[in-house]
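This report refers to the structure that appears directly beneath it.
Chain letters run A, B, ... following the sequence lines, proteins first and then strands; every chain starts at 1. We use all heavy atoms of the structure for the numbers below, so side chains are in, but hydrogens, waters and symmetry mates are not.
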Amino acid sequence: MLIVLKMNSVGEDCTDLKREYDQCFNRWFAEKFLKEDRSGDPCTEMFKKYQHCVQKAIKEKNIPIDGVEFMGPNKEKPDS
Amino acid sequence: MVKYFACVGLLKSSWDQVCIAFWERYPNPYSNHVLTEDIIFRDVTPSNRLVSRRLLTKTNRAPRWMEKYLPVTMARHAYIIEDSIVDPQNRTMTTLTWNISHARMMSVEERCEYRINPDNTSWTEINREAWISSNLYGLSRAIQEFGLARFKTSVAKTMKGFEYVLAKMQGDTPSRTLTEHAAERARETALVAKEKAKGLASQAHKKHQYV
C-alpha cells in the first residue's frame, strides 16, 4: 500500500477540500502558469469551497489574520 | 533593537522546479514542527503574477531557560503568515514570512528572493534576509540571540526539506549533499549562539535578584 503523507488544514473539516484544491493547483501551476499560458484557472470552484471552510475555521479559532496588507511588514529595516 | 541576518542559498534545480517544490514542500522529514498549512488568499494579477498568502501553524518550542519567564497560559502553537509573488515572465519569486502570534515576545521576519543562478542557469539562488527583534523587558537580548540561533537551524532544515522534495520530484533517492556540511556548520554556530543566549538570560535574572 502506498502511503502518501499530506498536510492538514487548520480547520479539521477542511483537509479534504484543501487536498483536492492543492492537487488541482499544483497541476495548473506546473503545466499552465509557469509556461505563461493564460487560458484560465480550472480550480476556482474548488478554491471557493475550500476558502469558505478555512476562513470559517480561522474565525472560530480567533487566528489574527486581519489587518495586515499583502507583503505588509516589508518596510526598510536597519542592518545591525 | 533588531538582529539582522542575511545569507545566500543554492539549490541545484531549475527555478521552475524550485517554484513547484515551494508549493509541495510540506510535509518533509525536516518539517515535523509544521502542523497545518493553508492557502488563505490567492490571485493572478493583470500582469500575470501569482500572489498568495499561506497560513502555517507550528509548534512553539522554547528552551527550558526561557520557559521560566513565559506565562503558563502561553499558546503552544504559533501562527505564521507567508506572502509570495511568483513572476513567470522575469523568473523571480519573492516571499515574506513573519509570525502573527507571540510577536511582542519575539518577532521574526524573513524575506527571500528566488532567482535563476547567474553562474549556472539550471540552478536556483535564494537570497535570504531576516530581522529578529524582541520587546520583552530585560530579556530582549537573550531572546534575540535565541531567535537568531533557531532561525539559522531553521534555514538549514528548510534547505534540506527543499532538496528532499526536489530529489523526490526528479525520481532520485535523496542523499547527503554539500548542504549537509553547511547544515553541520550552521548547527555548530547555532549552538554557540544558544550558549550565549543562556548566558545573557542568567545575567538578566541575576540583575533582577538584586533590584
Part of Gln89(B) within contact of chain A (heavy atom distance under 4.5 Å): both
Interface moiety of Ser52(B) toward chain A, non-hydrogen atoms closer than 4.5 Å: backbone
Aromatic plane relationship, Tyr4(B) with Trp131(B) - under 30° parallel, 30 to 60° tilted, over 60° perpendicular: tilted
Segment of Ser84(B) engaging chain A (4.5 angstrom heavy-atom cut-off): backbone
Engaged part of Ile58(A) at the chain B interface, taking heavy atoms whose separation is under 4.5 Å: side chain
Region of Glu24(B) that comes under 4.5 Å of a non-hydrogen atom in chain A: side chain
Within 6.0 Å of CG in Asn26(A), more than 12 heavy atoms from elsewhere: yes
Under 4.5 Å from any heavy atom of chain B - which part of Phe33(A): both
Most contacts with chain A, counted as non-hydrogen pairs under 4.5 angstrom, among Thr94(B), Thr97(B), Ile39(B), Val51(B): Ile39(B)
Options Asn28(B), Ile81(B), Val86(B), Thr57(B), ranked by heavy-atom pairs under 4.5 Å with chain A, top entry: Val86(B)
His52(A) NE2: over 12 foreign heavy atoms closer than 6.0 Å: no
Most chain B-contacting option - heavy-atom pairs closer than 4.5 Å, from Asp22(A), Thr15(A), Asn8(A): Asn8(A)
Any donor-acceptor N/O pair, Ser14(B) side chain to Gln17(B) backbone, under 3.5 Å: yes
Considering all heavy atoms, the nearest Thr95(B)-Tyr114(B) contact: CG2-CE1, 3.9 Å
Heavy-atom neighbours of Arg91(B) CZ exceed 12 at 6.0 Å: yes
Contact class of Leu35(B) relative to chain A, heavy atoms under 4.5 angstrom: backbone
Phe146(B) and Trp65(B) aromatic ring geometry - parallel, tilted or perpendicular at 30°/60° bounds: perpendicular
Lys/Arg-Asp/Glu bridge criterion (N-O < 4.0 Å) met for Glu163(B), Lys160(B): no
Arg53(B) charged N/C atom sitting above Trp98(B) aromatic ring, 6.0 Å / 45°: no
Gln51(A) portion near chain B, given a 4.5 angstrom heavy-atom threshold: side chain
Segment of Val44(B) engaging chain A (4.5 angstrom heavy-atom cut-off): side chain
Which portion of Ile40(B) sits near chain A, non-hydrogen atoms under 4.5 angstrom: both
Interchain contact, Gln23(A) with chain B, by part (heavy-atom threshold 4.5 Å): neither
Side chain / backbone / both / neither for Arg49(B) at chain A, heavy atoms under 4.5 Å: backbone
Enclosure of Glu69(A) CD (heavy-atom neighbours >12, cutoff 6.0 Å): no
Tyr26(B) versus chain A, the contacting section by heavy-atom distance below 4.5 Å: both
Under 4.5 Å from any heavy atom of chain B - which part of Val10(A): both
Any Gln144(B) side-chain heavy atom under 4.5 Å of Ser133(B) side chain: yes
